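Being a predicted model, the structure only gives us computed values, none of them experimental.
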Amino acid sequence: MAEFENIQDLLNDFRDNVIREAKRNLSKRHDTGKLKNSLKSYVKESKNSIQISFEMDEYGFYQDEGVKGANPSKVSPNAKIKGQQAPNSQYRFGSGKSKGTFKSFANKMAKWAQRKNIRFRDKKGQFAKGGYKSMGYIIASNIYNRGLKPTLFFTKPFEKYYKRLPNELVEKYGLDMEKLFTQITDENFKRLNR
């Protein structure tokens, strides 16, 4: 590649592919589209530097990397999913700046259960007593204690398309994937927590 005549095109292609595949991944998992619509990216290239930024709503980072549960031993013995769901995540329920109340979390889970028509059932599989509010509390409690499993909806496309960038471009501009990914995460949290 002679002097990288089409750097902007290469970076725009990288950006577009990452965003498109991340949105496709989210379409398979989420029903509201809010996170998918929040995904954005910008590329700036000058003679000796490149700036790439990706943005999304804060909870997108939690969905991507997962969140450690506060205490997996408190999960009901009847729960289908047990144990720590994101043991290697840097995020943990009950820590961080964006603390909400458990009650608001349970209410959101109740609305989600209602949208998905998730209800209590007896041993025969028939609907049993208990409303969506109770179901929301149980779901929220299990998620809070066992955590959220990573989806990697953003990480996988980012890594996939980063590997396709020309080696010469990566070397000339020092595009280290881990540093770039960490920088993107850090910049987003600074922007979101201003």
* Look at the side chain of Q84 and the backbone N and O of G69, then say whether any donor-acceptor pair between them is shorter than 3.5 Å. => yes

* State yes or no: are the ring centers of F54 and F154 separated by less than 6.0 Å? => yes

* Asked: CG of D57 to NZ of K36: how many Å apart, nearest 0.5 Å?
  -> 13.5 Å

* **More than 12 heavy atoms of other groups within 6.0 Å of K23 NZ** => yes

* With distance as the sole test, does Y59 use its side chain to make a donor-acceptor pair with the main-chain N or O of L35 at under 3.5 Å? -> yes

* Main-chain N/O of F153 paired with D64 side-chain donor or acceptor, under 3.5 Å -> yes

* Please state whether the rings of Y137 and F102 are parallel, tilted or perpendicular, taking 30° and 60° as the class boundaries. => perpendicular

* How long is the gap from CG on D16 to OH on Y161, to the nearest 0.5 Å? -> 11.0 Å

* Heavy-atom donor-acceptor pair, E65 side chain to Q90 backbone, under 3.5 Å -> yes

* To do: Can you tell me which residue pairs pass the salt bridge (charged side-chain N to carboxylate O under 4.0 Å, His left out) test with a partner in residues 119-131, sequence neighbours excluded?
  => none

* Partners passing side-chain contact (heavy atoms from CB on, under 4.5 Å) against N107 (at least two apart in sequence or in another chain) -> K103

* To do: Taking the side chain as every heavy atom from C-beta outward, state whether I143 and F93 have any atom pair closer than 4.5 Å.
  => yes

* Using a 4.5 Å cut-off on heavy atoms from C-beta on, say whether the side chain of L148 contacts that of Q85. => no

